[in-house]
Amino acid sequence: MSNTPQPVIRLERLQRRYVMGGSHIDALQCVDLDVQENEYLAIMGQSGSGKSTLMNIIGCLDRPTEGEYWLNNERVSTMDDRQLARIRNREIGFVFQTFNLLPRMSALANVEVPLVYSGKKRKERHELAGAALDTVGLSDRMTHRPSEMSGGQRQRVAIARALVTNPSILLADEPTGNLDSSTGEEIMSLFDRLKNQGNTLIVVTHEKHIADRANRIVRLSDGNVISDEHTSEAR
Amino acid sequence: MLFGETIRISLASIRSNLFRALLTMLGIVIGVGAVITMVALGTGAQRQIDDQMAAMGGNILSIQSSAWFSRGVARNQQTLTTDDALALSTGMQHVTAVVPEINSRFQVKYGNRNLNVSVIGTTPNYPDVHRFNFAHGGMFTAADDAARKRVVVLGAELPGMLDADPAALIGRSIQVRSIKFEIIGVLEAKGGSGWRNPDDDIWIPLSTAQFRVTGDEFVQTISAQVADTSSTEMAMLEIERILRREHGVLPGKDNDFAIMDRRQFAQSRQEATEVFSYLLAGIAGVSLVVGGIGIMNIMLVTVTERTREIGVRKALGATRGNILLQFLVESTILCLLGGLIGLALGATVSALLAHYAGWQTVVTANSAFTAFGFSAAVGMVFGIWPAKRAASLDPIEALRHE
Ligand SMILES: Nc1ncnc2c1ncn2[C@@H]1O[C@H](COP(=O)(O)OP(=O)(O)OP(=O)(O)O)[C@@H](O)[C@H]1O
Ligand SMILES: [Mg+2]
């Protein structure tokens, strides 16, 4: 115990039940999962297997019906709104499956949103957001609104927004689902770089060759973990 | 700096729905406009009355001959005489000073100038009772009056009308109804006290007027100053008793004179504007509440429309407080903009009322602040519920909202 490092994320017997009228669906049935610092984890599974549900809970957007979630050794279930907001803002970068960009704002302004809530000054916000957009190769699209961009470009704005606060954990729900293979490749090498910088990454994907770049692949089926294996990438 | 950003987001949101915002503000605009007009009218009326009271000095009763009826025929007859004034000025308990006025318009000639002015024959206490000050020279004395001297005091506007330097006029002679008078004083301007401007009148001793100019014993007005310690009613009763005795009015018959309380006159004007003020206060209250409900309604719509945005902001680190403030600021800004337009509307209506209805109106900085306070309060009170709803949205449900 003493020489095994404490996990950044520890999920214990996690259950997420949706109740609709009389019936209910367990999107997650009983998930146990530890994620160590600087791990690169891929989550795979069929559509409807609970991947997004799991990501939302890890991202502190949703709460489990049963079970415990420990983040950096702190019990998330006892945290209040301010603490959760702080974690979403500073600790976690979340790339949504559906981007969730604000339609009336430019790419730059979208990327600035998390910085507004971390209290950064205007000038600093501009600089950081500009740099983040540069990282995803969109420095020439800063003033464009989401409706003026392609799906792949929107995806990259969403990634820039998740990275801009320099979070220690990056959660990405199908980050390459909307990208052609070469842009997808760029994003994946960006993730490799983040991994090498010491970040913890959790990526949901359907594609085997994407998952293979991770150190570890967790497979979900009907709300349960059915396999958890380290890849050849693991060192 | 987060607050500045909050304001920017609010303005952007209002701008993106400008027409809707303007319609929403309408209630506030009318409400604030009514408040501004109401306060402007109230302040104006009060100021006018204060001015008049100050100009009048203590309360002064004005006694005039009244049209009295004889066998059903109105006879506009003069009934007040210099003797009445004399009777009133001795042994009175509730009246401290009595000023009779013989008032008629005459031709006045100075050099090659000819004017037609009101000539008032009166007693030396006139300037004290009616609060006039002298610019040059002074008032005639009781001795001047007794000797029926031909001396005259000019109102402040006379030198201008005569095209002469006021100071240089003292000691010069002027003709009133072709009789030569010596100018002994020029008054300071006092301004109109509501119904007429006394600054273009001239004053001569009562006896001089009676015996040298008009030739009869009638006076048009007797002013009676009420003692500080007495009530107006007591003074009126005392005057009535003495004048009835003097005129030999039989018990049961009507007075052949009228006693008017100028203060009451001013107050009746105040009451008229007060009624109007209450009406406006009603409109203001109703409009502000209706406007507030309009604001609440539109904010609820906005919260629903922007549910996804709220979810995104929460997912990116906005606290409940941030979201609450966001929507509260937006409804407050909406109301403040309405207040600003309402302020302009109120100022315009006040100016129009002053111009066309002749009511004095005063838009003060104070009333502007009050109006802003009101609209900000409406924005916050009626914005709090929509803002709370926005703040309490669950992030993941908000993100899933279509
Ligand atoms: N708000 C909800 N109410 C009811 N059921 C829900 C809700 N959200 C998700 N579910 C159910 O939970 C299950 C898991 O959904 P989830 O979105 O986690 O799937 P997923 O693995 O992300 O699928 P995909 O690959 O298509 O994105 C599904 O069966 C879905 O119907
Ligand atoms: Mg999903």
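Letters A, B, ... are given to chains in the order of the sequence lines, protein chains preceding strands, and every chain is numbered from 1. These numbers were taken from a predicted model, which means no experiment stands behind them.
- For A:Leu102, the part lying near chain B is the side chain, with the backbone staying farther off; criterion is any non-hydrogen pair under 4.5 Å.
- Between the CG atom of B:Leu316 and the CZ atom of A:Arg88 there is a distance of 10.0 Å, given to the nearest 0.5 Å.
- Interface residue B:Arg308: only side-chain heavy atoms are found under 4.5 Å from chain A.
- Residue A:Glu37 qualifies as open at atom CD: its count of foreign heavy atoms under 6.0 Å is 12 or below.
- From A:Leu61, atom CG reaches atom CD of B:Glu397 across 12.0 Å, with rounding to the nearest 0.5 Å.
- At a 4.5 Å heavy-atom cutoff, A:Arg90 makes no contact with chain B through either its backbone or its side chain.
- In this structure, CG in A:Asn100 is found 5.0 Å from CG in B:Leu399, a value given to the nearest 0.5 Å.
- For A:Gln46, the CD atom counts as loosely surrounded, since its 6.0 Å shell holds 12 or fewer non-hydrogen atoms of other residues, nucleotides or ligands.
- When side chains are defined from C-beta on, B:Glu309 does not count as touching A:Met105, because their heavy atoms never get closer than 4.5 Å.
- Counting heavy-atom pairs closer than 4.5 Å to chain A, the top residue among B:Asp394, B:Ile9, B:Thr319 is B:Thr319.
- Nearest heavy-atom pair, B:Ala318 versus A:Ala85, reported as atom, atom and distance to 0.1 Å: O-CB, 3.8 Å.
- Sparse packing is recorded around CZ of A:Arg13, with 12 or fewer heavy atoms of other residues, nucleotides or ligands lying under 6.0 Å away.
- Looking at heavy atoms from C-beta onward, A:Val113 lies in side-chain contact with B:Arg313 at the 4.5 angstrom threshold.
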Q: Any chance you could lay out the side-chain contact (heavy atoms from CB on, under 4.5 Å) test for B:Val312 and A:Arg161, step after step, and finish with the verdict?
A: CA-CA 11 Å; B:Val312 172; A:Arg161 187 177 65 182; 3.6 Å; yes

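- Within a 6.0 Å sphere centred on CG of A:Asn38, other residues, nucleotides and ligands contribute more than 12 heavy atoms.
- Of all the heavy atoms in B:Gly317 and A:Tyr117, the pair that sits closest is O-CB, 3.6 Å.
- Summarising the geometry, atom NZ belonging to A:Lys120 is positioned 14.0 Å from atom CD belonging to B:Glu5; distances are rounded to the nearest 0.5 Å.
- In B:Phe374, the CZ atom is not crowded: 12 or fewer heavy atoms of neighbouring residues, nucleotides or ligands sit closer than 6.0 Å.
- For the atom pair OG of A:Ser52 and CZ of B:Arg400, the computed distance is 8.5 Å after rounding to the nearest 0.5 Å.
- Taken from CD1 in B:Ile396 to CZ in A:Arg63, the straight-line distance is 12.5 Å, to the nearest 0.5 Å.
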